[in-house]
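For reference, the structure discussed in these notes is given below.
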Amino acid sequence: MKIYVDSAAPRQGNGRKETPFKHINDAAKVAAPGDEVIVASGIYREYVDPVHAGTEDARIVYRSEELLGAVITGAEPALHWERYQDNIWVYRVDNGVFGNYNPYTTFVGGDWYFAPVVRHTGAVYLNDRQLYEAESLEECIKGEVYPPSWEPEWSVYKWYTEQDGNETVIYANFQGKDPNAEKVEINVRRNCFMPSKTGVGYITFSGFAVNKAATTWAPPAAYQDGMIGPHWSKGWIIEDCDISNSKCSGISLGKYYDEENDHYFTRKKVKSPTQMERDAVCRGQYHGWTKETVGSHIVRRCHIHHCEQTGIVGRMGCVFSLIEDNNIHHINNMQQLGGAEISGIKLHAAIDVVMRRNHIHHSTMGIWTDWEAQGTRISQNLLHDNHSPEGTPMAEGAMCSQDIFVEVSHGPTLIDNNIMLSRAALRIATEGVACVHNLMLGSFTAVGTGTDHSADEAGSQPRYTPYHIRHRTEVAGFNTILHGDDRIYNNIFVQTYPMFEDAGEAEAFGYDNQVAGTAVFDEYPTYDEWIAHFELDKPADMHKLMPYHFGHLPVWINGNAYFNGAKAFKKELSNLVNDQEQASVELVEKDGEYFLKTNVYDLLDGYKTGIINSDILGYAFEPEQRFEDPDGSTIIFTEDYLGGHRGVAAVPGPFASKEAAAKKIW
C-alpha cells in the first residue's frame, strides 16, 4: 500500500493520495510491512518515530517524492529578535515548546568526553550554519575568534543562553547582520527519524534532507542517538540523503539504552570506562546482540556534513553493515566538542563491516574503528585534509588527526586500495591489520603504543579487549594488544609533509612518528624469527616461552615503493626505494570532481610485484580468522581503486596503471 504525506495539504488527511497526511509521523504510526510512505517536498518540523518494523521480504519504505525535496528538521524558525546592544540580539522562547527535553539546559558530556562540559545540545543557526556557543554573555558580546576552530572566520558568530523563569533566553552576536532579515533557526528536537523502541527493523529511508537536531554525546557504553538511526534493529537502508548540522552525530547505528550501563563512569566514577566497555559487550550478548537480530544495515550515497561529533557513529549495532559511496566532510570543524568518539565514521565492534568508495575529508579523523574491528574492510576510499589547518592550536580535549585509526583490536582488519593524503595516514594502536595497495602521503603513528593506560595514570594497566567467533558476535575471548601481526604489501609511500621541529609539539598532535613508510616496524620480528623461539620440535616449556607469548607478534612487509625519503622496513626483501627523483602527488578539484596529478607512476619505472590474496595474508593471530570476505570467500586483489583489473602482476599502489591514476577518482 502507498501512503502519502504532504505538509502543504490544506488539512490533515488519512494518507490517501487525494487526502494525504500532513505529518510523516502520522504515516509512521500506521505503515506496515510492504508499505511505501511517499513524502511530498516541503519542510517537516517533527520527530518521526516509526512504530512498525518491516520484514526481510517486505520492507517499509519511506521515500521523498523528489530527491532531497522533503526536509525533516529538528529546528524551528527563531523570529522577532530584539536588539540588545550593538551587534547583539536577544530571543526568548517559552520552555513549553521543548517538552521533556530542553536542549538549552542539557549539556554535551559523558563517558570519554574530554572537553569542558560547558556546551549545550542546543544550537543557533544563521543561514544554515551553526553559531559558536559562548560561555558567558561577555564572550558573546566580544565576538572574538575561537583559536582552535578550523573555520576561524566563522567563529566570531556567537550565542549564549540562560534561563529566566519558564523561558530560555538566547543572546546572539550576528556580526552586523539583522536576524529578522536572515534565516535564523534554533534546534528544539533531539532526533529526526529514529524509533523510540528497539527492534523496528527492515526500514528503507530514501532521498530526504535531514538537519539541525539537538543530539547528545554518543560514547560506546551509553545509548547512542543520532538524527537518523535504526535503534538496535536489523536491516535498515539509509540512502541518497543529505544529513547536516547535527549537534553531535548524523547517523547512529549504535547502542541501545541499558540503564545499568549508561555513562556508568560519568555517573558513578568507581569503575573505569574501559571496564564498562567490556561490560557492554558481554551485556549485549544477553540483550540480543546476534547476527540474526542486529545490524546488517546499508548506508549509501549520502552527503553527511557539518556535524560536530561524527557523521556516522555505531557501537555493536553496526555489525555486518555496508557503508558505501558517501561524501562525509567538515566533521568537528568547530572544535567546541572534544573526546574519544569524534570522526567522520566512528565505529566500535565493526565486525564484518565494509566501508568502501567513500570520500571523507576536512574532518578531525576520517575513519576510526575502535575495539573488535574483526573482519572489517576499508577499501577504495578517498581520504584527505583530515588534519587541522597549519598553525591551528588543539582545543582542550581534542583528539589527534589521521585518515584512519584502528584501535585495540585483534583483527583481521583489511585496509586496501585507498588514497590517503593527510599528514598521518594510519594510527595503528592495534594488531592484526593488513595494508594492501594503498597510496599514503602520511606516516604510520602509534606503532607499538597507545593501547594501555600509561604508567603515570595507573601503573601501566593493559587494556583487555574481546575477539569473536569468526563472522559472529559471540565472544571467543579477551586479550591485551601484543602489537604486530600486520601485513603491509604493495603500497606507495611518499614523504610529503614537513617535519615538526619540536618533538613535543609533534607528540601533542599525535605525530609520534613523522616519517612515511615502514621503517617504524624495524624492531618487529619476521615470521621466521618469531616462530623460531617456540622450538616446535621440542617439548613445550611454559616458563621458557612466556616472554614470547607476551612479546611483539611478527610482521610481513614486501613489495612496497618509497619516495622522497620515505623509509623502508630493513628486512623487506623486495621493494622500490627512489630518493633521487622528486615524487609529487596533488589532489585537484574541478567543478566538484577530483583527480590526482602525480608523477609517481612514472617513477615506478616498470617495478612490478605479485598479486596478493587471502591465503598470502593468512590468519590474524588472536581470533585465528583469515583476511577474507564476510561470507568466508577468498579475496584476490586484482581489483584496483576504480574497479579496474590488475592482471597477473601488479604495480604498487591503488591503481592498476598510470592511465588509471589519471582518471577521475571522485
Side-chain angles (χ1 to χ4, degrees), residues 220 253-255 274 277-278 280-281 284 289 291 295 297 310 312-323 340-341 343-356 358 360 365-379 381 383 402-416 418 420 425-436 438 444-447 450-451 463-488 553 614 617 619-630 635:
L253 305 179
K255 189 178 173 293
T274 296
E277 285 197 54
R278 283 189 287 265
V281 173
W289 186 40
K291 190 172 187 176
H297 307 298
T310 67
I312 303 173
V313 73
R315 171 65 187 272
M316 296 161 63
C318 64
V319 290
F320 314 113
S321 292
L322 174 63
I323 300 172
E341 310 304 327
S343 187
I345 301 173
K346 174 65 193 284
L347 304 179
H348 282 77
I351 297 170
D352 281 358
V353 172
V354 176
M355 291 167 269
R356 66 188 182 194
N358 300 289
I360 308 177
M365 298 187 202
I367 297 171
W368 185 354
T369 59
D370 201 352
W371 291 53
E372 306 147 272
Q374 184 170 326
T376 306
R377 187 176 184 184
I378 302 170
S379 182
N381 300 284
L383 303 111
Q402 50 273 316
D403 281 329
I404 298 174
F405 184 7
V406 185
E407 186 177 10
V408 292
S409 175
H410 303 283
T413 307
L414 176 56
I415 301 170
D416 70 282
N418 298 285
M420 304 159 66
L426 175 58
R427 190 167 184 84
I428 191 169
T430 191
E431 63 190 18
V433 172
C435 295
V436 184
N438 300 286
F444 287 102
T445 61
V447 175
T451 58
R463 278 199 283 180
Y464 287 84
T465 60
Y467 50 95
H468 298 262
I469 302 297
R470 290 184 286 275
H471 306 297
R472 299 286 306 177
T473 58
E474 290 83 359
V475 172
F478 286 80
N479 203 8
T480 56
I481 304 301
L482 303 178
H483 300 281
D485 195 29
D486 300 318
R487 291 91 168 140
I488 305 174
L553 297 168
S614 293
L617 296 179
Y619 290 74
F621 177 75
E622 210 64 71
E624 299 186 15
Q625 179 176 321
R626 194 172 68 142
F627 289 84
E628 61 192 12
D629 275 331
I635 301 170

field: Exam field: side chain D486 to backbone G432, donor-acceptor pair closer than 3.5 Å
entry: yes
- request: Please identify each residue that fulfils salt bridge (charged side-chain N to carboxylate O under 4.0 Å, His left out) with R487, with sequence neighbours left out.
  value: D485
task: For residues I428 and V406, determine if any side-chain heavy atom of one lies less than 4.5 Å from a side-chain heavy atom of the other.
output: no
- request: Please list, chain by chain and in numerical order, all residues satisfying side chain to side chain donor-acceptor pair (under 3.5 Å) with S379, sequence neighbours excluded.
  value: D416
Partners passing side chain to side chain donor-acceptor pair (under 3.5 Å) against T310 (at least two apart in sequence or in another chain): S249
task: Could you tell me which residues satisfy ring pair (Phe, Tyr, Trp, His ring centres under 6.0 Å) with H468, sequence neighbours excluded, listed by chain and number?
output: W289
Can you give each donor-acceptor pair under 3.5 Å made by side-chain atoms of residues 312-320, sequence neighbours left out, with the distance rounded to 0.1 Å?
{"unit_1": "R315", "atom_1": "NH1", "unit_2": "E277", "atom_2": "OE1", "d": "3.2"}
{"unit_1": "R315", "atom_1": "NH2", "unit_2": "E277", "atom_2": "O", "d": "3.2"}

task: Under the ring pair (Phe, Tyr, Trp, His ring centres under 6.0 Å) rule, collect the residues that match up with Y467, sequence neighbours excluded.
output: H410
query: Are side-chain heavy atoms of I360 and M365 found at a separation under 4.5 Å?
result: no
task: Taking the side chain as every heavy atom from C-beta outward, state whether L426 and C435 have any pair of such atoms under 4.5 Å apart.
output: yes
query: How would you list, by chain and number, every residue that makes a salt bridge (charged side-chain N to carboxylate O under 4.0 Å, His left out) with D352, sequence neighbours excluded?
result: none
query: At their closest point, which heavy atom of N438 faces which heavy atom of I415, and how far apart are they?
result: ND2-O, 2.9 Å
field: Heavy-atom donor-acceptor pair, N418 side chain to N381 backbone, under 3.5 Å
entry: yes
statement: salt bridge (charged side-chain N to carboxylate O under 4.0 Å, His left out) filter on K346, not counting sequence neighbours, yields E341, D370
task: Apply side-chain contact (heavy atoms from CB on, under 4.5 Å) to T274 and list each qualifying residue two or more places apart in sequence or on a separate chain.
output: W112, S272, R278, W371, H453, R463
- request: Name all residues meeting the salt bridge (charged side-chain N to carboxylate O under 4.0 Å, His left out) criterion together with E624; count only those two or more places apart in sequence or in a different chain, and write none if there are none.
  value: none
- line: Residues passing the side chain to side chain donor-acceptor pair (under 3.5 Å) test with Q625, sequence neighbours excluded, are Q374
message: I'd like to check the side chain to side chain donor-acceptor pair (under 3.5 Å) partners of H483; sequence neighbours left out, ordered by chain and number.
response: T451
